[in-house]
There are 2 protein chains.
Amino acid sequence: MAQASDLKLFQDAQALENFTDKQIRILIAAIDIFSEKGYANASTKEIADQAGVSEGNIFSKFGNKQGLLDAIIEPVVSMVFPQTIASLLDVETNRTPVSLHAFISDFMINRMRFLVENKKVLKIFIAELAYNQETRTHYMQSLPTSFLKDLKSQLNTMKRNHMIVNWNNDEIMRLIWSVIGGAVIDYLFFDRPIAKIEVTHMIDALVRALSR
Amino acid sequence: MAQASDLKLFQDAQALENFTDKQIRILIAAIDIFSEKGYANASTKEIADQAGVSEGNIFSKFGNKQGLLDAIIEPVVSMVFPQTIASLLDVETNRTPVSLHAFISDFMINRMRFLVENKKVLKIFIAELAYNQETRTHYMQSLPTSFLKDLKSQLNTMKRNHMIVNWNNDEIMRLIWSVIGGAVIDYLFFDRPIAKIEVTHMIDALVRALSR
DNA sequence: AATTATATTGAGTGCTCACTCAAACAAATG
DNA sequence: CATTTGTTTGAGTGAGCACTCAATATAATT
């Protein structure tokens with residue numbers, strides 16, 4: 001069911017200011033339908049009907065169908081990565097060098113909260129990434145390099161202090177996002193709730209896996 | 001680029017016997033195009049052109065567009081899971097109880113080989129699973145319960161012998177397929193090759209993470 | 001060679017789609 | 001109230017889509 005709370009990300013980004021009531025209803029309906037059947041399988045007529053507005057209204061505000069998708073996805077990429085950096089820097093300033101456990105649990109808890117708050121929108125984003133090469137390269141190149149640099153310098157410090165395994169940074173990062181991603185997909189696509197104890201387990205597992 | 005080797009799975013399944021040369025070319029073209037832009041964004045005209053056949057030929061053999069997708073995906077579900085069972089039973093008969101390391105490394109190496117051999121077809125399958133709810137429930141319910149039962153009984157044995165952590169089986173299995181899946185997605189969707197050393201690292205990481 | 005069976009063609013069909021645009025409506029401003 | 005500015009409408013349009021089918025080519029059988 002379509003809900004105004006699916007717009008959490010837009011509120012945070014103060015992106016709703018230039019939208020009328022009807023245009024917001026279009027966004028809600030589009031998020032709902034895109035997340036159910038995928039962008040390519042959704043028609044603008046269907047979205048307009050569910051939103052209770054005329055089809056033309058979609059185009060006068062968003063230009064075309066792709067513009068509607070972009071309006072939904074843009075806040076994801078413009079907020080996910082900066083927020084993650086912020087959370088990392090926060091850990092870093094508290095303790096140096098950061099403990100592996102603190103590093104991983106902060107990262108995980110932060111991202112899990114974000115996930116739950118933006119379920120449908122993230123589902124659309126992930127599905128679209130899986131679906132075609134163009135979208136993939138387009139959005140991945142916008143992944144800020146500063147984000148990756150901060151993460152990697154953290155890992156390098158921990159390696160120097162013999163706190164973690166001496167793998168490539170890419171491998172370490174992949175292991176972390178694999179474990180998070182597995183739970184995310186289970187939650188988003190197979191409706192399996194994530195219990196608190198499971199998050200604890202995943203953190204412990206990652207700490208054991210990466211400790212040296 | 002479209003290649004006959006993309007049909008590996010079909011050869012294994014002896015599924016090519018009832019196909020003519022032109023129909024095989026249709027399959028190759030469809031695998032190529034579906035994996036690039038997604039099923040919903042591909043047109044039958046486009047597939048026919050790339051295969052160098054008439055559009056009608058697609059429909060006389062496969063009935064409709066969905067039938068073409070089914071013909072591509074069916075061998076995946078009918079072979080992936082049975083093969084995995086076979087590999088597991090193979091480990092089991094060699095040693096009882098199986099060592100955690102043997103269990104995980106057999107599982108991983110087996111699945112990695114399958115992955116590399118069926119890259120494009122798996123990409124289509126995964127993307128379609130991500131894209132719409134219907135496909136997801138349709139294919140997941142065909143996941144043989146015997147497969148899961150065998151896996152879980154293995155895990156229970158290892159738990160009884162205090163070889164692994166005392167989590168829910170679902171959690172343990174999710175951790176394993178998360179780590180594998182992360183590498184799979186990196187390989188399939190972001191074209192990152194998987195080095196041998198990385199597989200070793202992943203196996204070690206899982207053993208450390210799950211050992212008790 | 002004649003006949004039957006199967007494979008392939010490609011122009012044609014109806015339908016759905018994203019998108020347009022002139023007109024109607026509403027809100028704000030002087 | 002009059003005018004401007006912005007919003008919303010919905011019938012209409014052309015393009016592209018999956019799919020049909022009668023005709024033709026090819027292969028198999030007798």
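The basis for the numbers below is simple: all heavy atoms, side chains too, and nothing from hydrogens, waters or symmetry mates.
- Contacts of B:Lys22 with the nucleic acid, taken as non-hydrogen atoms under 4.0 Å apart, involve only primed sugar atoms and P, OP1 or OP2.
- Close to D:dA18, at under 4.0 Å from its OP1 or OP2, lies no side-chain N or O of B:Asn64.
- Put simply, CG on B:Asn18 is 19 Å from P on C:dA5, counting in whole angstrom units.
- Comment: A:Arg25 does not engage A:Asp21 in a salt bridge, judged by the lack of any side-chain N to carboxylate O separation of less than 4.0 angstrom.
- Atom pair A:Leu69:CG and C:dA18:P shows a separation of 13 Å (rounding to whole Å applied).
- Nucleic acid contact class of A:Gln23 (heavy atoms, under 4.0 Å, all strands): sugar-phosphate only.
- Picking from C:dT8, C:dA18, D:dT8 the nucleotide with the shortest atom distance to the side chain of A:Ser43 gives C:dA18.
- For B:Lys65 and D:dC17, the NZ to P distance is 9 Å, given to the nearest whole Å.
- When the P atom of C:dG10 is taken as reference, atom CZ of B:Phe59 falls 16 Å away, rounded to whole Å.
- Phosphate contact (OP1/OP2 of C:dC19, side-chain N/O of A:Thr44, threshold under 4.0 Å): absent.
- Within 6.0 Å of the CD atom in B:Glu134, the count of heavy atoms belonging to other residues, nucleotides or ligands does not exceed 12.
- Distance CD (B:Glu55) to P (D:dA18): 7 Å, rounded to an integer number of Å.
- By the 4.0 Å N-to-carboxylate-O rule, B:Lys123 lies too far from B:Glu36 to be salt-bridged with it.
- Ring geometry for A:His201 versus B:Trp167: interplanar angle under 30°, hence parallel rather than tilted (30 to 60°).
- Rounded to whole angstrom, the span from the CG atom of A:Asp21 across to the P atom of D:dT8 amounts to 8 Å.
- Atoms CG (B:Asn41) and P (D:dC17) sit 10 Å apart, rounded to a whole Å.
- Note on B:Glu171 versus A:Arg192: no salt bridge recorded, every NZ/NE/NH1/NH2 to OD/OE distance being 4.0 Å or above.
- Within the structure, a side-chain polar atom (N or O) of B:Thr20 is placed less than 4.0 Å from OP1 or OP2 of C:dT8.
- B:Ala42 comes within 4.0 angstrom of sugar-phosphate atoms only, judged by non-hydrogen atoms across all strands, and of no base.
- One atom, CD1 of B:Ile47, and another, P of D:dC17, lie 11 Å apart when rounded to the nearest Å.
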